[in-house]
Each structure stands twice: as C-alpha cells, then as structure tokens.
A.B. asks: 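Quick one: the structure is below, and I'll ask about it shortly.
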Amino acid sequence: MPSAPKWLFDAVDLFISKLPDVVVNETELISQTVKRVRLSGNFRDLNFPVGCYIDFRVSDTEARRYTVSHADKDHGFLELVVHLHGSGSGSQFMQDLKPEDEIKMNKPRTERNYYDRSAAGYVIFGDETSLALACSFLPVLKQNKQQFQFIFELDDQNKKAPELLGLENYMVFAKNGSFRNEEWVNQLPLFQTPDFQKASFVLTGNAKSAQTFRKVAKSKGAQKIYLHGYWLDGKKGL
Ligand SMILES: Cc1cc2nc3c(=O)[nH]c(=O)nc-3n(C[C@H](O)[C@H](O)[C@H](O)COP(=O)(O)OP(=O)(O)OC[C@H]3O[C@@H](n4cnc5c(N)ncnc54)[C@H](O)[C@@H]3O)c2cc1C
C-alpha cells in the first residue's frame with residue numbers, strides 16, 4: 001500500500017505494533033545521492049533474513065520500502081542504504097533524516113526467501129536501490145563459501161559506492177539504458193562463462209532492467225531466477 005488516505009494509514013498504524021524508541025544514530029553520504037543510515041533501538045526479538053525490508057511511513061499518505069543492509073541485534077542497530085533520487089516522498093524522507101531524529105518503525109519483513117544455503121552460487125543484479133540487498137547478502141555468501149557476482153547499473157556519481165560499502169566481486173555498468181537492450185545484456189561476460197546456469201539469479205532495482213535481465217538469463221538456460229522490481233519509471237512506490 002504505497003499510497004492511501006491519511007485516515008487509513010492512521011487506522012492501520014493503530015493495529016500494527018511499531019518498534020519503540022528507534023533513533024537515527026548516524027548518517028553518512030556515500031556519494032551525493034547514496035546515503036547510509038544507522039538506526040539504533042531494541043531489535044533483539046526481531047529476525048533479519050537476507051533481503052528483509054521495512055515499510056516506512058514517509059508522509060501522512062505515503063509508505064515506502066527500504067532493505068535492511070546490516071543488522072546487529074547485540075549492539076542494537078540496523079542500517080539502510082538509500083538512493084536519494086530526489087523526486088519522491090521516500091527519497092525526501094531519507095534525505096532529511098539526521099542524527100537524534102526519532103522515527104516510528106514497522107518490523108522488518110520479507111515476501112520471499114532470497115537466500116538458499118544450498119545454491120551453487122549467486123548472480124545479483126540491481127542499481128542504487130539494490131546496494132542494501134547486496135550488503136545483506138555479502139556476509140552470508142562469504143561465510144558459506146558460495147560463489148557470487150554482483151552486477152550493478154549505477155549513475156556515474158555512484159560508481160564508487162560498491163567499493164565504499166565494502167562490497168566484493170562486483171561489476172559496475174553505466175546506467176544508460178543498456179540493461180533494457182536484450183542484445184547488449186546477451187553479450188555480458190557472465191553469459192560467456194561455463195556453469196552460469198547453475199547460479200541463482202536475484203534481479204532487483206529498476207523493474208524494466210530486471211525484467212530484461214530475466215528474459216536473457218532464462219533464454220540462456222538459467223533455472224533459478226527471482227525477480228523483484230524495486231521501482232518503475234513514472235510509478236510511485238512499488
Ligand atoms: C522490497 C523493496 C526493497 C527496497 N529497498 C530499497 C533500498 O534499500 N534502498 C533504496 O534506495 N530503495 C529501495 N527500494 C526502492 C524504493 O522503495 C523506491 O525507489 C521508491 O519508489 C522510492 O520512493 P520515493 O517516494 O522516493 O519515489 P516515488 O514517489 O515512489 O516515485 C517518484 C518518481 O521517482 C521515480 N523513482 C523511484 N525510485 C527511483 C530511483 N531509485 N531512481 C530514480 N527514480 C526513481 C519513480 O519512478 C517516480 O517517477 C526498495 C523497494 C522494494 C519494493
């Protein structure tokens with residue numbers, strides 16, 4: 001429910017328990033348009049599966065989803081990595097967050113189990129909105145010694161974001177529409193390597209790019225593909 005009348009959100013808020021005393025602990029601009037936000041609170045009783053997200057009420061009438069990039073229940077903090085793309089209420093809400101702000105927060109949830117311990121390897125595709133997802137995957141993939149490749153389409157100013165966030169095994173491409181061109185995607189080095197069909201594909205970020213990627217991966221024999229468009233041009237929320 002990305003948009004709804006204020007009275008409806010107010011009514012829903014009465015029934016869904018919020019996490020008390022969540023405070024912005026620290027914010028950091030990774031680039032001009034990628035921001036890391038650290039929230040502190042008592043998260044001890046929560047689960048944070050890979051790729052879980054939180055619905056934030058970003059205005060009286062709007063809610064937006066953001067992935068938990070990292071959580072530390074023992075020390076009572078969690079982190080988000082958000083794209084400040086500038087034109088929406090979610091982006092504005094995240095841009096405005098500063099240390100000591102108190103926020104009302106829903107519990108994290110997932111719609112699907114992104115991570116499978118038995119997967120041979122992972123190919124994870126997305127854009128700035130997928131950086132948090134990549135950060136949440138990284139420790140578990142390394143710990144379980146699974147192969148992985150992150151592939152990002154990013155604005156030029158965000159090319160360094162994966163490195164600054166400590167990601168590994170990533171390829172960065174310019175966000176210039178290439179990932180909406182099937183022939184171009186077909187030529188990606190990944191598809192020229194043996195055994196890529198055995199990998200699990202997790203395709204997020206811009207919905208059109210992710211759909212094109214899925215079409216090509218499927219046509220080349222990939223078996224396990226999870227598609228979750230995080231945003232669509234011209235559409236509010238998803
Ligand atoms: C499960 C899930 C997890 C997500 N996790 C994250 C996350 O960790 N970090 C994160 O930054 N985003 C994340 N997103 C994406 C985020 O919820 C959307 O980008 C959302 O639309 C932002 O809301 P907004 O109010 O800023 O813009 P909206 O009001 O939704 O949209 C306004 C306009 O901006 C465009 N727009 C929306 N997002 C972008 C963008 N990123 N770049 C350029 N144009 C855009 C829309 O197409 C529309 O034209 C996630 C989405 C989902 C579904």
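Whatever order the structure lists ligands and atoms in, that order sets their numbers, starting from 1. What's counted below: heavy atoms across the whole structure, side chains too, no hydrogens, waters or symmetry copies.
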A.B. asks: Please work out whether the ring planes of F191 and F196 are parallel, tilted or perpendicular, with thresholds of 30° and 60°.
C.D. replies: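 The rings of F191 and F196 stand perpendicular, inter-plane angle above 60°.
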A.B. asks: Which atom names give the shortest non-hydrogen contact between V37 and L97, and what distance separates them?
C.D. replies: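 Minimum heavy-atom contact is CG1-CD1, 4.1 Å.
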A.B. asks: In terms of the angle between their ring planes, are Y115 and F137 parallel, tilted or perpendicular, with boundaries placed at 30° and 60°?
C.D. replies: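 The arrangement is perpendicular - the two ring planes meet at more than 60°.
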A.B. asks: Under 4.5 Å between any side-chain heavy atoms of N206 and K175, yes or no?
C.D. replies: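 When only atoms from C-beta onward are counted, K175 and N206 do not touch, as no gap falls below 4.5 Å.
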A.B. asks: Pick from F179, F150, F152: which one makes a ring-ring contact (aromatic ring centres under 6.0 Å, His included) with F125?
C.D. replies: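 Looking at F179, F150, F152, the match for F125 under the ring-ring contact (aromatic ring centres under 6.0 Å, His included) is F179.
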A.B. asks: Contact residues of ligand 1 with a heavy-atom cut-off of under 4.0 Å?
C.D. replies: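 Residues Y53, R64, R65, Y66, T67, V81, V82, H83, H85, S87, G88, S89, G90, S91, T129, A132, H228, Y230, W231, L232, D233, G234, K235, K236, G237, L238 each place a heavy atom under 4.0 Å from ligand 1, listed by chain and number.
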A.B. asks: Name each donor-acceptor pair under 3.5 Å that joins a side chain in residues 167-174 to protein atoms two or more places apart or in another chain, with its distance.
C.D. replies:
unit_1	atom_1	unit_2	atom_2	d
E168	OE1	K142	NZ	3.4
E168	OE2	K142	NZ	2.6
N169	ND2	F148	O	3.4

